[in-house]
Amino acid sequence: MTTKTTYHQTPLGIAEIVGDENGIQSVSVLNNDAIANSILYQKTPGCLQDCVNQLEEYFIGKRRSFDLTLNPKGTPFQKKVWEALLNIPYGKTRTYLQQSKALGDVKAIRAVASANGKNPIWIIVPCHRVIGSDGSLTGYAGGIWRKKWLLAHENPVKQQSLF
């Protein structure tokens, strides 16, 4: 099966989406927009179109969960950690300690944090929803500013009425 790649503009940069008929293998954000812009305008392979559509819906606020076949490459432990990330509800956060407890080993906090950092499927597997025990926005491969943006997008501050 031939792996396909497409690129899609998002509010946080250009996403690179890789996958095939067996599922999405990775979604990452490119940090070099000059290079990315030159490859942006190409036809999206059919096996990746649903992912592009669902990401668009997410960014405009019409989608809170994704319905895609995922096929990330990683160790069995990493896959277990990434699977647990899918249980964090939209608009909510968990700490690395809570994630370690959910996986059954409170002492695995560093291994869980490391696996989170290697999550290959940006946004769809929501590692951005994991924060430090003190509430800090620790570690995010896409950059802390993107993590902050995503959390605000999922849980916008509501303006209270003055009257």
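Heavy atoms only: backbone and side chains are in, while hydrogens, waters and symmetry mates are out.
- Glu154 is not listed as a side-chain neighbour of Lys92, based on a closest heavy-atom distance of 4.5 Å or more.
- For the pair Arg63 and Glu56, the salt-bridge criterion is not met [side-chain N within less than 4.0 Å of a carboxylate O].
- In Glu57, the CD atom is crowded: over 12 heavy atoms of neighbouring residues, nucleotides or ligands sit closer than 6.0 Å.
- Within the 4.5 Å cutoff, side-chain heavy atoms of Val27 are placed close to those of Leu55.
- The shortest distance between side-chain heavy atoms of Leu12 and Leu150 falls below 4.5 Å.
- Taking Thr2 as the reference, nothing meets the side-chain hydrogen bond (donor to acceptor under 3.5 Å, both in side chains) condition, with sequence neighbours excluded.
- Side-chain contact between Phe66 and Val125 is absent, with no heavy atoms from C-beta onward closer than 4.5 Å.
- Applying the ring-ring contact (aromatic ring centres under 6.0 Å, His included) criterion to Trp149, with sequence neighbours excluded, gives Phe59, His153.
- Rounded to the nearest 0.5 angstrom, Leu30 CG and Glu16 CD are separated by 5.5 Å.
- Between Phe77 and Trp82, every side-chain heavy-atom pair lies at or beyond the 4.5 Å cut-off.
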With a 3.5 Å cut-off and sequence neighbours excluded, list the donor-acceptor pairs that the side chains of residues 17-24 form with protein atoms.
residue	atom	partner	partner atom	Å
Asp20	OD1	Asn22	N	2.7
Asp20	OD2	Gln25	NE2	3.3

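- In this structure, Tyr96 has no ring-ring contact (aromatic ring centres under 6.0 Å, His included) partners at least two apart in sequence or on a different chain.
- Side-chain atoms of Arg94 and Ile131, non-hydrogen and from C-beta on, never get closer than 4.5 Å to each other.
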Ignoring hydrogens and angles, write down the donor-acceptor pairs under 3.5 Å from the side chains of residues 104-118, residues two or more places apart or on other chains.
residue	atom	partner	partner atom	Å
Asp105	OD1	Lys107	N	3.0
Ser114	OG	Lys118	NZ	3.1

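- The side-chain hydrogen bond (donor to acceptor under 3.5 Å, both in side chains) search around Thr44 returns Thr6, not counting sequence neighbours.
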